[in-house]
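Because the structure is predicted, anything quoted here is derived from the model rather than measured.
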Amino acid sequence: MQAKPALSAVPLHELIQNRWSPRAFAPDKAVQPDAVTALLEAARWAPSCFNDQPWRYLVCDSFRDRPAWEKMLSCLAEKNQAWAKNAPLLILSIAMQHFGHNGNPNRWAAYDTGAASLSLCLQAQALGLAAHQMGGFDADRCRALFNLPEACTPMAVLAVGYQAEADSLPEDFRTGETAERQRAALAEKFFFSEWGKAEN
């Protein structure tokens, strides 16, 4: 796997330091069932409001159910399909809109589902897998093709698999695949005691 460690202000745990979102996947390498279970277990043990666990995940595996995987691929934006077509797993993350214990609206469902998805991505990193989350997909098409319940919000599609070389990508993706990772400076996004105060 190509290493692109985060250039952080202080050292981070290696799972966080080295996690990134490649687009180059090896289409001929299946993700074994135990590894898939580990990804889902990592998501299962994420924190959530009232321990409601509002997330749902729909796993489509090109090696085990090609038609379902092709349906999920067809839901992606065209530009995402160009590279995600090589990922053996396409996983739809879904947030349930109401609490299970009382039926009230759960405004934290998307937040909690995002936390579960990051847990899944960190577990993928620990297993030597790559994961790339995508917002570019047709949620309504997912609802129709996979018979999703009404009171849910499709959040993202995660491409998961083994990383391939950047030169396996279409040309317009290669530069981004090998470019240094970047983030805004801490002072631009993180504040202390009051809005806009960048130092403690």
Side-chain angles (χ1 to χ4, degrees), residues 1-8 12-43 46 55 57-94 113-114 116-139 141-142 145-146 154-183:
M1 181 179 293
Q2 179 184 346
K4 288 175 60 168
L7 303 178
S8 54
L12 301 174
H13 190 282
E14 63 180 15
L15 283 178
I16 298 170
Q17 193 100 37
N18 293 320
R19 186 221 60 80
W20 64 288
S21 303
R23 289 183 172 89
F25 288 92
D28 57 343
K29 292 186 70 175
V31 179
Q32 295 304 309
D34 284 354
V36 175
T37 300
L39 297 176
L40 302 181
E41 280 285 358
W55 48 76
Y57 288 86
L58 180 58
V59 181
C60 296
D61 187 329
S62 66
F63 285 86
R64 292 172 181 84
D65 190 337
R66 185 78 183 188
W69 179 91
E70 288 176 348
K71 284 198 299 184
M72 188 65 75
L73 184 68
S74 77
C75 295
L76 301 182
E78 186 176 354
K79 194 166 183 179
N80 284 334
Q81 288 186 40
W83 59 266
K85 66 184 181 182
N86 290 325
L89 297 182
L90 295 174
I91 305 174
L92 178 64
S93 66
I94 302 157
T113 301
S117 293
L118 179 57
S119 291
L120 187 157
C121 290
L122 290 174
Q123 183 64 37
Q125 179 73 25
L127 294 173
L129 294 164
H132 188 120
Q133 301 182 72
M134 294 171 276
F137 73 102
D138 187 331
R141 183 171 174 81
C142 284
L145 290 180
F146 294 100
M155 297 302 301
V157 177
L158 295 79
V160 180
Y162 290 94
Q163 193 178 348
E165 296 298 326
D167 60 11
S168 67
L169 286 168
E171 187 173 353
D172 53 340
F173 292 110
R174 292 176 197 164
T175 300
E177 192 78 354
T178 57
E180 185 177 279
R181 294 167 61 198
Q182 296 186 0
R183 290 293 189 276

Query raised in the report: Which pairs count as side chain to side chain donor-acceptor pair (under 3.5 Å) when at least one residue sits in residues 57-66, sequence neighbours excluded?
Result: Tyr57-Ser117, Asp61-Arg64, Arg66-Glu70
Query raised in the report: Restricting to pairs with a member in residues 23-40, which pass side chain to side chain donor-acceptor pair (under 3.5 Å), not counting sequence neighbours?
Result: none
Enter the distance from [X]:[atom1] to [Y]:[atom2] here, rounded to the nearest 0.5 Å.
X: Gln81; Y: Leu76; atom1: CD; atom2: CG; answer: 5.5 Å
X: Leu122; Y: Leu127; atom1: CG; atom2: CG; answer: 11.0 Å
X: Ile16; Y: Gln125; atom1: CD1; atom2: CD; answer: 10.5 Å
X: Cys75; Y: Phe146; atom1: SG; atom2: CZ; answer: 5.5 Å
X: Lys71; Y: Cys60; atom1: NZ; atom2: SG; answer: 7.5 Å
X: Glu14; Y: Asn18; atom1: CD; atom2: CG; answer: 6.5 Å

What are the two closest non-hydrogen atoms of [X] and [Y], and how far apart are they?
X: Met72; Y: Leu92; value: CE-CB, 3.5 Å
X: Lys85; Y: Trp69; value: O-CH2, 3.2 Å
X: Leu158; Y: Met134; value: C-CE, 4.4 Å
X: Pro88; Y: Ala26; value: CD-O, 4.2 Å
X: Ala46; Y: Ala116; value: CB-CA, 3.5 Å
X: Pro22; Y: Ala131; value: CD-O, 4.1 Å

Requested in this report: Could you check Arg181 against Arg19 for side chain to side chain contact (heavy atoms under 4.5 Å, CB included), going step by step and ending with a plain yes or no?
Outcome: CA-CA 11 Å; Arg181 294 167 61 198; Arg19 186 221 60 80; 4.3 Å; yes
Report task. Inspect the surroundings of CD in Glu165 and state if more than 12 heavy atoms from other residues, nucleotides or ligands are less than 6.0 Å away. Result -> no
Requested in this report: Begin from the C-alpha positions of Cys142 and Leu58 and carry the test side chain to side chain contact (heavy atoms under 4.5 Å, CB included) through to its verdict.
Outcome: CA-CA 10 Å; Cys142 284; Leu58 180 58; over 6 Å; no
Query raised in the report: Stepwise, does the side chain to side chain contact (heavy atoms under 4.5 Å, CB included) test hold for Leu39 with Val59?
Result: CA-CA 11 Å; Leu39 297 176; Val59 181; over 6 Å; no
Query raised in the report: side chain to side chain contact (heavy atoms under 4.5 Å, CB included) with Arg174: which residues, sequence neighbours excluded?
Result: Leu169, Glu171
Report summary line: With sequence neighbours left out, the residues meeting side chain to side chain contact (heavy atoms under 4.5 Å, CB included) with Pro27 are Asn86
Report task. Can you sort out the partners of Thr178 under side-chain hydrogen bond (donor to acceptor under 3.5 Å, both in side chains), two or more places apart, ordered by chain and number? Result -> none
Query raised in the report: Can you name the side-chain hydrogen bond (donor to acceptor under 3.5 Å, both in side chains) partners of Trp83, sequence neighbours left out?
Result: Asn80
Between [X] (side chain only) and [Y] (backbone N and O only), is there a donor and an acceptor less than 3.5 Å apart?
X: Lys4; Y: Ala179; value: yes
X: Glu177; Y: Ala24; value: yes
X: Gln17; Y: Ala6; value: yes

Report task. Please step through side chain to side chain contact (heavy atoms under 4.5 Å, CB included) for the pair Ile94 and Trp55, ending with a clear verdict. Result -> CA-CA 6 Å; Ile94 302 157; Trp55 48 76; over 6 Å; no
